[in-house]
Amino acid sequence: MEYRELRIDTASPNPPLASILLLYTGGTMGMVKDDKGILVPFNFEHILEYIPSLKTFELEIKVIAFEKPIDSSNVSPDHWSIMGHIIKDHAEFDGFVILHGTDTMAYTASALSYMLVGLNKPVILTGAQLPITVPRTDARENLITAIEIASAKENGKPIVSEVCIYFDSVLLRGNRTRKVESMHFDAFESENYPPLAEAGIVIDYNKKVMLQMNKEKSLTFNHLFDERVVILKIFPGINKHIVHRILSCKEVKGIVLETYGSGNAPTASWFIEEIKQAIDNEVLILNVSQCLGGEVMQGRYETSKQLEEVGVLSGGEITTEAAITKLMFLLSNCKTYSELKQKIVLPLCGEIN
Ligand code: ASP
């Protein structure tokens, strides 16, 4: 992967108050219209022209821009790994801001949260619904506040020390978010976890709900993700033969089963038998709800009791985005099936309670 690098010292001649690594990966935020009216990525070296108020921060900002910025629909685990490596290689910086398309931002935030356990620094992902060049853009506010949060310190320590998404005035835990809106500015929600901060006239941090900095723990950097996973969403009329093909596919090692309500699925014997067969073949099946809020409680209804009995594990209140990335991460980092089964139901970094 090719990058461009740029240093902006907005504090000079004074020493900077903090150092920030700004990683530009692509997405709507950094687009401009070319002469044919098509949105294309703009040259990030001109960032100060678009956001002159950046100069008012007393910061050292290092910008790393992907040579070929991408729409986040093209983001893959290789990109997560690249982003993780860039952060690890700049671990001495005080904070990190990642500019990313909104479409898959929740997946990237979840993946990074697992990779960067022990970093103890703010990693703030943000983006925009409108390009930075459009007068009504949300890009400016999102970027400026994300930088402010990434550089915020109290008694010399970062206020935030986890992977988050900042968007439309709220700071959310990254692995609790979902993209819920494609037209309005409030693109993200975290239904099962309160915001870590809200930006009004001041940035109001809710420190009680943040992950606490753990100095004992240093960065345990794992960057591999096993892609032999699938999300299977249940719906009325789900077809026996198709389910069979998916569950018996030799390539599949882990399944996020998106069920109804508090974890319910059809009780048809063919369905339960297919699930049981897959589990007997050491395919891990994690039950995640299709609902935005609430949690999976296997055994509450008859329609989830049988899943529990054949060995489906409960994802609790985990989002699909956090679940599939966790499964990919643990599949590649656990040595045995039983280790995987133990770890998938325990929190790695605040994705479940
Ligand atoms: N398709 C774009 C992306 O995710 C949308 C956005 O940036 O918001 O890269």
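Indexing begins at 1, ligand by ligand and atom by atom, following the structure's order. Every value quoted in this text rests on a predicted model; they were computed, and no experiment measured them. The basis for the numbers below is simple: all heavy atoms, side chains too, and nothing from hydrogens, waters or symmetry mates.
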Give me the one residue out of Lys157, Lys121, Lys153 that meets salt bridge (charged side-chain N to carboxylate O under 4.0 Å, His left out) with Asp94.
->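 Result for salt bridge (charged side-chain N to carboxylate O under 4.0 Å, His left out) with Asp94: Lys153.
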Using the six-membered ring wherever Trp is involved, compare the ring planes of Phe93 and His90 and label them parallel, tilted or perpendicular (cut-offs 30° and 60°).
->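 Ring orientation, 0 to 90° scale: perpendicular.
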Qualifying residues under side chain to side chain contact (heavy atoms under 4.5 Å, CB included), relative to Asp78, sequence neighbours excluded |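 Side chain to side chain contact (heavy atoms under 4.5 Å, CB included) check on Asp78 returns Ser76.
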Go through the structure and list residues passing salt bridge (Lys or Arg N to Asp or Glu O under 4.0 Å) with Glu339, not counting sequence neighbours.
->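 In terms of salt bridge (Lys or Arg N to Asp or Glu O under 4.0 Å), with neighbours along the sequence ignored, Glu339 is linked to Lys343.
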Any residue meeting salt bridge (Lys or Arg N to Asp or Glu O under 4.0 Å) with Glu154, in chain and number order, not counting sequence neighbours =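 Partners of Glu154 under the salt bridge (Lys or Arg N to Asp or Glu O under 4.0 Å) test: Lys207.
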Near ligand 1, which residues have a heavy atom under 4.0 Å away from one of its atoms?
->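 Lining ligand 1: Gly27, Thr28, Asp71, Ser72, Gly101, Thr102, Asp103, Ala128.
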Of Ser113, Ser190, Ser110, which meets side chain to side chain donor-acceptor pair (under 3.5 Å) against Asn175?
->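 Considering Ser113, Ser190, Ser110, a side chain to side chain donor-acceptor pair (under 3.5 Å) with Asn175 is found only for Ser113.
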